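Remember, it's a predicted structure, so these values are computed and weren't measured experimentally. Nothing fancy with the numbering, it's 1 onward along the sequence. Note that ligands are numbered from 1 as they come in the structure, with each ligand's atoms numbered from 1 the same way.
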Amino acid sequence: MNKQEYMDCEDKALLHTYNRFPLVLDHGEGVYLYDTDGKKYLDFAAGIAVEALGYSNEAYKQALKDQIDKITHTSNLYYNVPIMEAAEKFLKVSKMDRVFFTNSGAEAIEGAIKAAKKYAYTRDGHADHEIIAMNHSFHGRTLGALSVTGNAHYREPFEPLCGGVKFADFNDIESVKAQVTEKTCAIIFETVQGEGGIYPAEESFMKEISALCKEKDILLILDEIQCGMGRTGEMFAWQHYGIKPDIMTSAKALGCGVPVGAFAMTERVAEKSLAPGDHGTTYGGNPFVGAAVSKVMDLFEELKLTDHVKEIAVYLESELDKLVEEYDFITARRGMGLMQGLVSTKPVGTIAAEALKEGLIIITAGADVIRMVPPLVIEKEHVDEMITKLKNVLDCM
Ligand SMILES: *Cc1c(COP(=O)(O)O)cnc(C)c1O
C-alpha cells in the first residue's frame, strides 16, 4: 500500500475524532522519525511530550522485551515485582508517599479527584464538596477530567458533567479566592498549562495557593501529566516553586510510549482517602507497564536528564527568543525547560503543516501557539537544525 491508501483505509475504519496531519509514521531512531516513504523528520513533539528518551532506546526496549518474556499481566488481585520497583522509584523522585498506577492521564485525574473527595468526606462525614479548576486548563477527555477542564468547546456537548466544579483564572489569586467556599475540597491545575497555550504558574500564585490550601485544609492537586517527568528541568515542575502538592498526577513521559499514568499523594491525604473497594483498574500497574516505568526512572537517573534539560533549555530559549526578535508575527515566547511555546499572529496550524514538508514535527497549543515538547535527549545541533527548518517555514508565511 502507498501512503494515500494507508490514510484512506484508516479514515474509513476509525471514528473521525482527529484531523490528522497527512503523515504515516513508520519508525523512529533517536530524535528522528521516519514515515512509510522513508522521509526523515526531526521530532520536536515527542508524541505530545511522551517520548522523553527519544526513539528506540536500546536499554528501554530490552527491558520491555525481557518483561514480555516473563509475564505482562497479572490483575491487581496479586502482587507483582516490576510495579513495586516502579512505585519505589516514582515516590523517591516525586517525594510523595503513595501512588496508584492508571492507564492514562485522564484516569490519573479521575483518581486524583476521587482521592480528594474521599479525603473531605472522611474528614467532614458528608459528601457534596466542591473543586476549583482553572480557565483554559486541560485535564483529559473522560467525563470527570472534562468536568475540571476549562474549555467550553470540549465540555459543552457532554453536559451535565460532574457538579460542584468552579472555574477561576490561572495566575490570579483573587479570582481563586472568590470561588472558595466552606465546601471547597480541592484546587486543581497544571503547573505549566499545556494545551491552553504553555502558561507556567507564576511563583507568587503558586505560593499563595499553597498557603491558602494549608490554611483551609483544601487539597492542592497539581497536574504534571505534560510538564512533569523532567521536562522543565526538575523531575516535576512543582519542584521549582518550593511548595509541595497534596496530590499530583503523571502520565505521558512516565512510560515513554507505554500507556501508563499515576496519581500520588502524601501520607496525610492517603490516611483519610481511598481505601479497599474505593477504586480499581484491571490493567493499571501491570508488570509490563511496571517494567517500563522502572526502566524509565533508571534511565532518567543514568542519563542525568534533568541536568541535561536545564542546560539545553537555556540554548533553546535563546534561539527561540531570536525568532521573536526577527519575525514581527512571532510576538512572544513562553515556557519552562523543554516545554516551549511561540505566540504567532499567523495561523499556527499552517505553520505546523508546512514544517512537516521541511521535515520538522512541531505541534500547536491553544489558538495561537506553536508548541515544542521535544525528546529530552536533544542536543544543541538538533536545536540548530530545528531553527533552520522553522525559519524556512516562517520566511514563507
Ligand atoms: C495529555 C494531558 C492529560 C490527559 O492525558 P491522556 O493520557 O490523554 O488521558 C491530562 N492533563 C494534561 C496536562 C495533559 O497534557
Side-chain angles (χ1 to χ4, degrees), residues 15 17-18 20 45-52 94 100-116 131 133-151 153-155 158 161-162 165 167 170-171 186-201 206 220-232 234-238 245 247-264 281 283-285 289 292-293 296 334-341 363-366 369 371-374 376:
L15 192 64
T17 56
Y18 302 105
R20 297 192 203 274
I48 319 188
V50 167
E51 300 281 355
S94 68
F100 182 103
F101 288 98
T102 66
N103 307 294
S104 68
E107 277 176 84
I109 296 292
E110 299 285 334
I113 292 172
K114 280 181 71 176
I131 294 178
M134 301 298 146
N135 291 317
H136 305 295
S137 62
F138 181 84
H139 297 291
R141 305 300 199 137
T142 55
L143 293 170
L146 209 48
S147 301
V148 291
T149 289
N151 179 328
H153 174 74
Y154 290 164
R155 296 162 48 91
F158 309 105
L161 295 164
C162 292
V165 179
F167 286 94
F170 190 50
N171 282 332
I187 299 175
I188 183 170
F189 58 92
E190 303 151 79
T191 314
V192 183
Q193 283 194 338
E195 306 295 313
I198 316 291
Y199 288 95
M206 189 62 106
L220 174 58
I221 306 175
L222 290 180
D223 182 348
E224 291 268 340
I225 289 170
Q226 187 164 160
C227 61
M229 291 300 293
R231 182 149 297 280
T232 65
E234 294 290 346
M235 201 59 188
F236 295 102
W238 60 260
I247 302 176
M248 60 165 284
T249 58
S250 179
K252 291 199 162 88
L254 180 60
C256 284
V258 162
V260 57
F263 63 98
T281 162
Y283 272 132
V289 302
V293 172
V296 166
R334 283 196 297 266
M336 269 171 103
L338 292 184
M339 182 171 182
Q340 294 288 336
I363 51 180
T364 64
V369 176
R371 174 169 35 162
M372 295 179 186
V373 282
L376 304 186

Quiz prompt | Donor-acceptor contact below 3.5 Å, side chain Q193 vs main chain Y199 | solution = no
Exercise. Report yes if the side chains of I109 and D223 come closer than 4.5 Å at any heavy-atom pair, otherwise no.
Key: yes
Self-check item: Non-hydrogen side-chain atoms of F101 and V289 separated by less than 4.5 Å
Solution: no
Quiz item: Heavy-atom distance under 4.5 Å between the side chains of F189 and H136, does that happen here?
Solution: no
Quiz item: If only atom types and distance count, is the side chain of R155 paired as donor or acceptor with the main-chain N or O of G150 below 3.5 Å?
Solution: no
Practice problem: Collect the protein residues that have a non-hydrogen atom under 4.0 Å from ligand 1 and hand them over in chain and number order. | Solution: S104, G105, A106, F138, H139, G140, E190, D223, I225, Q226, K252
Quiz item: Does the distance from a Lys or Arg side-chain N to an Asp or Glu carboxylate O, for E224 and R231, drop under 4.0 Å?
Solution: no
